[in-house]
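Structure first, commentary second.
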Amino acid sequence: VRAFVREPHEKARFSLAKTMARPNIVDMRAGTSTPTVLTDAAGTPHAGEWTTAYSGNPELQPWRATSVDLSVEKYFGKRSYVSAAAFRKNLLNYIYNGLAKRDNTGFPAVAPPGVTPLQFGPVMQPLNGQGGYIEGLELSATVDGALLHRRLDGFGAQATVSRLHSSIVEKDNGDAPLNGMSRMSNAVSVYYEKQGISARISQRYRSAFTATTRDIFLNATTRRQAPDNVADLQLGYAFADGPHNGLSVLLQVNNPF
């Protein structure tokens, strides 16, 4: 649903949606690691307890959510604008990595003589969770230099900042927030684009977040990641005439810090 406010260069946008996203195909694998009987440093078994196995989950249900979005935008000329946007997504079903119990009957019982493994053991695998929400606010702006002064034609700047909040925590990972979510993020770019010349310097930041990676055995491992800050530089030139018409060159440098 779109509504126009006062002038043609001012807009307000409102939307309602029901969305679905399929699980990662790796998370739906049927394969699993083989558990063994847990022992201490001296090799003494812990009453037949199993070590944690790592597995996929073929019965995973997709992400499902209902969402509400609202944005207010004001445009200046052809290449400048400011906007504020807010959203809320109610997660009807989501996916996280957690511990579950599994019947290990049929797995080879690697245990010392006389020790009978328990029937059920822990398994770390993707699971479905229900309920919870994600909400956020984003502010962004793009300013064309020519809007300020004609001698700044070709120069420009872009900036955006967002803040997110979620009620969902992964209890099996130390009450970590929803996987991959940073509470704060921002990006700033300053550029020059004119007469085939392109130059841009950018900085991107996101606050600490959790991320699931794979170890050497392809087991899912969720860890807390430090804040991420990256600056990059792009220099380019596009030939508009002559024998090299249509040819462009680009140099790009990334500098995480």
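When a residue number appears, it is its place in the shown sequence, counting from 1. Keep in mind the model is a prediction, meaning the values are calculated, not measured.
- Annotation: side chain of Arg13 is not in contact with side chain of Asp69 (no heavy-atom distance under 4.5 Å).
- Leu178 approaches Thr210 most closely through the heavy-atom pair O-OG1, 3.7 Å.
- Contacts of Asn245 classified as side-chain contact (heavy atoms from CB on, under 4.5 Å), with partners at least two apart in sequence or in another chain: none.
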When the side chains of residues 236-243 are checked against the rest of the protein, which donor-acceptor pairs come out under 3.5 Å, sequence neighbours left out?
none

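- Under a 4.5 Å side-chain heavy-atom criterion applied to ILVMFWY residues, the cluster that includes Phe209 comprises that residue alone.
- Of the possible polar contacts, one joining the Ser33 side chain to the Tyr54 backbone as a donor-acceptor pair under 3.5 Å is found.
- Partners of Arg79 according to the salt bridge (Lys or Arg N to Asp or Glu O under 4.0 Å) rule, which considers only residues two or more places apart in sequence or in another chain, are Asp144.
- Counting non-hydrogen atoms of neighbouring residues, nucleotides and ligands closer than 6.0 angstrom, the CD1 atom of Ile25 reaches no more than 12 such neighbours.
- The side-chain contact (heavy atoms from CB on, under 4.5 Å) check on Leu251 picks up Leu235, with sequence neighbours excluded.
- Every residue meeting the side-chain contact (heavy atoms from CB on, under 4.5 Å) condition with Pro58, not counting sequence neighbours, appears here in chain and number order: Ala30.
- Under 3.5 Å, the side chains of Asp232 and Gln252 contain no donor-acceptor pair of N or O atoms.
- For the side-chain hydrogen bond (donor to acceptor under 3.5 Å, both in side chains) condition, the pairs that include at least one residue of residues 80-92, sequence neighbours left out, are Ser83-Ser140, Arg88-Asn90, Arg88-Glu135.
- Under the side-chain hydrogen bond (donor to acceptor under 3.5 Å, both in side chains) criterion, Ser71 pairs with Glu73, sequence neighbours left out.
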Check residues 186-197 and write down every donor-acceptor pair under 3.5 Å in which the side-chain atom is one partner and the other belongs to a residue at least two apart or another chain.
from, atom 1, to, atom 2, distance (Å)
Ser189, OG, Ser202, OG, 2.7
Glu193, OE2, Arg200, NH2, 3.4
Lys194, NZ, Asp153, OD2, 3.3

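- With sequence neighbours excluded, the residues forming a side-chain contact (heavy atoms from CB on, under 4.5 Å) with Gln125 are Ser55, Asn57, Ala100, Val123, Leu127, listed by chain and number.
- Residues Met184 and Val161 form a side-chain contact, since some pair of their non-hydrogen atoms from C-beta on lies under 4.5 Å apart.
- If you chain together ILVMFWY residues whose side-chain heavy atoms come under 4.5 Å of each other, Phe76 ends up grouped with Val82, Leu147.
- Judged as a side-chain hydrogen bond (donor to acceptor under 3.5 Å, both in side chains), and not counting sequence neighbours, Glu59 has no contacts.
- With contacts defined as side-chain heavy-atom distances shorter than 4.5 Å, the pair Val68/Leu70 does not qualify.
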